[in-house]
Amino acid sequence: MNTFLGLCCAACVGVFDPTAAIDPGLRGELLIANSFTARTADVVGDQPVDGFWLDEGRIALSGGVGDRFAAYAGVAADNNGLATWEAYGDLKAFNGLAVRGGRWITQLGAVSGRRTEGRCFADVPLHTERFLGRRGLYDAGLQISYTVPLKSFPILLSVSAMSGQEGLSFQQPAESGDGAAMLERLLYIVRLAIAPGALFNQHLTAGFTFASGQNDTGPGNRTDLIGFDVSGAFDLGGGVALGADLEFLMRRYGVPFALLVEGGMSLDLVAGWKGLHGGVRLDLMGVPLPPTREELEWRVSVAAGYDVWKNARFRFQ
């Protein structure tokens, strides 16, 4: 298996969009992500926490007609039943112009817009979970994008209008008290990305995203999401590859007579060698720190994996 794919980097499976459905062939995918939890307490509230849990099981099918149209459909379940689903089509119109319609996981950065199988880590970073839910933002909408046809320095500009009906932008912590659903109104997203790595035949992309939608606290209050990201993977020869993803996402949350700002950052470093791959991820939540939170929240995650054969991979986090 390609070492780059083993690294699970967004840049490895798509220059700008890891969920791009354009593929002239037919492909099926199966994912089973399990976890085992053992804690000192047997229950939290009325919910048991010890034992095996199905984090996600996904079945997907994708395929294309020629080199201009392709579609993706997938359904995922977890321990509580149906978790999410996707069904969308990509159309390459002409001269770098593309149109997408349907329901998909929306990309706001190098990490936040990737499905579980596209990340080295089974869980999403803290800021993605806080702002978009623990699976990211799955929503229905329409997207128009244009890729400047420069092989030496590709540039992408995309504009999306999402329904705002499919998820919460803010998973309210118990100590906060200011949580509200932002995405109960139409959400607009603008994303600009460049691929400077093309200059030296490597995978390196950088992006900026701005999203805005009305929130639940009043007709004049909006919530904005502003993101910066860098993602790359580098072939060092001899079957060795290194990859890194950096994503910063800030939420400007308008409430009556106030504007609350909170941001989060995730940095992961991964390496691969002849089918073996692993990495470490650092999450920081509270950069900047909002007045409703008293301290910075952080988490370190470690993952390792092995490509068992060409189309099968085992991972441990």
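Just the heavy atoms: all of them, side chains too, but no hydrogens, waters or symmetry mates, feed the values below.
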For a side-chain contact (heavy atoms from CB on, under 4.5 Å) check, start with the C-alpha distance between L242 and V270, then their side-chain angles and the critical distance, and finish with the verdict. CA-CA 6 Å; L242 296 176; V270 295; over 6 Å; no
Ignoring hydrogens and geometry beyond distance, is a side-chain donor-acceptor pair present between [X] and [Y] at under 3.5 Å?
X	Y	value
S158	R100	no
E262	H127	no
H277	D307	yes

With a 4.5 Å cut-off on side-chain heavy atoms, are [Y] and [X] touching?
X	Y	result
L156	I194	no
I189	M162	yes
I59	E29	no
S301	R299	yes

Can you tell me how far the CG atom of L192 sits from the CZ atom of F210, to the nearest 0.5 Å? 14.0 Å
Rounded to the nearest 0.5 Å, what separation is found between the CG atom of L61 and the CG atom of L30?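 Rounded to the nearest 0.5 Å, the CG-CG separation comes to 12.5 Å.
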When hydrophobic residues are tied together by side-chain contacts of less than 4.5 Å, even through go-betweens, does [X] share a cluster with [Y]?
X	Y	answer
V124	L31	no
L259	L249	no
L225	V261	no

Stepwise salt bridge (charged side-chain N to carboxylate O under 4.0 Å, His left out) test for R313 and E117: CA-CA 10 Å; R313 176 180 302 129; E117 63 270 29; over 6 Å; no
Steps toward side chain to side chain donor-acceptor pair (under 3.5 Å) verdict (R103, T84): CA-CA 10 Å; R103 185 178 192 271; T84 188; 3.2 Å; yes
Would you mind checking if R135 and E129 are paired as a salt bridge, meaning a charged N to carboxylate O distance below 4.0 Å?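 So E129 does not pair with R135 through a salt bridge.
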Got a salt bridge between D229 and R191, using NZ or NE/NH1/NH2 to carboxylate O under 4.0 Å? yes
S112 vs L132, side-chain contact (heavy atoms from CB on, under 4.5 Å): CA-CA, chis, key distance, verdict: CA-CA 8 Å; S112 60; L132 306 171; 4.2 Å; yes
Before you tell me yes or no, could you show the steps for F200 and F234 under side-chain contact (heavy atoms from CB on, under 4.5 Å), namely the whole-Å CA-CA distance, both residues' side-chain angles and the distance that decides it to 0.1 Å? CA-CA 10 Å; F200 45 93; F234 305 93; 4.2 Å; yes
Decide if atom CG of L199 counts as having more than 12 heavy atoms of other residues, nucleotides or ligands within a radius under 6.0 Å.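 Counting other residues, nucleotides and ligands, CG of L199 exceeds 12 neighbours.
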May I ask you to check whether Y88 and Y72 place their ring centres under 6.0 Å from each other? yes
Go through it in stages, so that I can follow the logic: the residues are R130 and E297, the test is side-chain contact (heavy atoms from CB on, under 4.5 Å), and I'd like the CA-CA distance, side-chain angles, deciding distance and then a yes or no. CA-CA 11 Å; R130 184 70 52 80; E297 183 180 353; 2.7 Å; yes
So D139 and S163, side chain to side chain donor-acceptor pair (under 3.5 Å) or not? Walk me through it. CA-CA 7 Å; D139 197 11; S163 74; 2.6 Å; yes
Going by the angle between their ring planes, with limits at 30° and 60°, are F228 and F208 parallel, tilted or perpendicular? tilted
Does [X] reach the main-chain N or O of [Y] with its side chain, forming a donor-acceptor pair under 3.5 Å?
X	Y	value
R252	T223	no
E247	V111	yes
Q317	A122	yes
D268	D245	yes

Chi angles and distances behind the salt bridge (charged side-chain N to carboxylate O under 4.0 Å, His left out) call for R281, D123: CA-CA 11 Å; R281 189 184 75 202; D123 62 334; 3.4 Å; yes
Applying salt bridge (charged side-chain N to carboxylate O under 4.0 Å, His left out), name anything that partners R115, two or more places apart in sequence or on another chain.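 For R115, the residues satisfying salt bridge (charged side-chain N to carboxylate O under 4.0 Å, His left out) (neighbours in sequence not counted) are E86.
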